[in-house]
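Here's the structure we're looking at; comments come further down.
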Amino acid sequence: QAWSPITKPINQSTIALFSSAPRRLKDQEPFVPREDMSYRRIPADPAAGTIIIDHHSGIGRIPKQDPEIVFPRTAHAALAQRGTIGAISPFHFSFMGGVCRAQEIEDELAPAIAADLEKMAVDLALLLPY
C-alpha cells in the first residue's frame, strides 16, 4: 500500500509500532532463516510477556538484555495514557530486516501486514528499524 498523508491529529490517532528487527514474545515461534518472510504480532500491552530478539547479525548485547531500548512498548503505552497519542493498536508488528527478496516483500509480506493494520483501524505505523 502506498504512503499516505496523515489525515487526523496524532492525539486522535491509533498508532502501532512496526519493527524491522525480528522481535517476538518468548512463546511465539522463533524467526530462524536469514530470509524469513513471516512476521509476528506482538501484544501492545508491555505486561503481555517477555520480548526476544532473533536477529542474526551482530545485534548488540544491550538491546537483547533490554528490548525496550529498540522496541519501546512501555513508552508508547505511556504516550497514550498521557493523551499525546490517541491510542495504541492492540498489536505491534515485527519482521526480519535485511531480507533480499524485495518482490516477495512487496507482493506478500507488506500487504499481509497492511491488512492487519487496516483490520485494527491503525492510523499510523511507526517504523523502528535496526
Side-chain angles (χ1 to χ4, degrees):
Q1 192 168 21
W3 293 98
S4 57
I6 296 173
T7 58
K8 61 185 184 181
I10 301 295
N11 66 355
Q12 296 173 15
S13 297
T14 298
I15 302 174
L17 300 179
F18 184 69
S19 176
S20 62
R23 295 166 178 95
R24 64 177 173 89
L25 291 181
K26 189 165 50 172
D27 63 347
Q28 289 178 316
E29 183 178 338
F31 289 94
V32 178
R34 292 183 183 272
E35 296 291 309
D36 193 324
M37 292 294 295
S38 62
Y39 66 97
R40 304 291 178 275
R41 289 176 199 92
I42 300 171
D45 179 0
T50 302
I51 289 183
I52 302 224
I53 301 173
D54 288 329
H55 211 279
H56 299 287
S57 72
I59 194 168
R61 202 176 68 238
I62 301 302
K64 284 191 173 188
Q65 292 172 356
D66 184 5
E68 286 281 336
I69 292 170
V70 292
F71 197 65
R73 283 191 306 174
T74 303
H76 190 240
L79 289 172
Q81 289 173 343
R82 285 195 301 260
T84 305
I85 63 175
I88 55 176
S89 69
F91 293 95
H92 300 308
F93 296 85
S94 179
F95 60 95
M96 179 75 71
V99 174
C100 297
R101 294 160 56 185
Q103 197 61 54
E104 288 174 78
I105 291 169
E106 185 176 338
D107 294 343
E108 299 169 25
L109 181 62
I113 294 172
D116 272 353
L117 291 168
E118 188 173 16
K119 285 179 197 168
M120 292 186 297
V122 170
D123 300 300
L124 299 168
L126 177 62
L127 176 60
L128 305 164
Y130 188 85

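The chain is numbered in sequence order, starting from 1.
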Side-chain contact test, heavy atoms from C-beta onward, threshold under 4.5 Å: evaluate it for Ile42 versus Leu17 and give yes or no. no
Going by salt bridge (charged side-chain N to carboxylate O under 4.0 Å, His left out), name the pairs with one or both residues in residues 83-103, residues two or more places apart or in two chains. Arg101-Glu104
Has Arg24 got a side-chain atom pairing as donor or acceptor with Lys26's backbone, closer than 3.5 angstrom? yes
Considering only residues two or more places apart or on different chains, which pairs with a residue in residues 9-18 satisfy salt bridge (charged side-chain N to carboxylate O under 4.0 Å, His left out)? none
Side chain to side chain, Leu117 and Ser89, heavy atoms closer than 4.5 Å: no
For Gln103, check side chain to side chain donor-acceptor pair (under 3.5 Å) against everything at least two apart and list the hits. Asp107
Parallel under 30°, tilted from 30 to 60°, perpendicular over 60°: which one fits the rings of Phe93 and Tyr39? tilted
Measure the shortest side-chain to side-chain distance between Ile53 and Ser94 over non-hydrogen atoms and say whether it is less than 4.5 angstrom. no
Residues pairing under side chain to side chain donor-acceptor pair (under 3.5 Å) where one sits in residues 6-17, two or more places apart or in two chains, turn out to be Lys8-Asp123
Going from CG on Asp45 to NE2 on His92, what distance comes out if it is rounded to the nearest 0.5 angstrom? 9.5 Å
Tell me which pairs pass salt bridge (charged side-chain N to carboxylate O under 4.0 Å, His left out) where either residue lies in residues 71-86, with sequence neighbours left out. none
Once you round to the nearest 0.5 Å, how far does CD1 of Ile52 lie from CG of Leu25? 9.0 Å
Separation of Asp54 CG from Gln28 CD (nearest 0.5 Å): 10.0 Å
Just to verify, what does Phe95 make a ring-ring contact (aromatic ring centres under 6.0 Å, His included) with, not counting sequence neighbours? Phe18
Quick one: closest heavy-atom pair of Pro72 and Leu128, and the distance? CD-CD1, 3.7 Å
Is the Lys NZ or Arg CZ of Arg40 less than 6.0 Å from the centre of Phe31's six-membered ring, within 45° of the axis? yes
Which heavy atom of Leu124 sits nearest a heavy atom of Ile10, and at what distance? CD1-CD1, 3.4 Å
Shortest non-hydrogen pair, Ile88 vs Ala80, comes out as CG2-CB, 4.0 Å
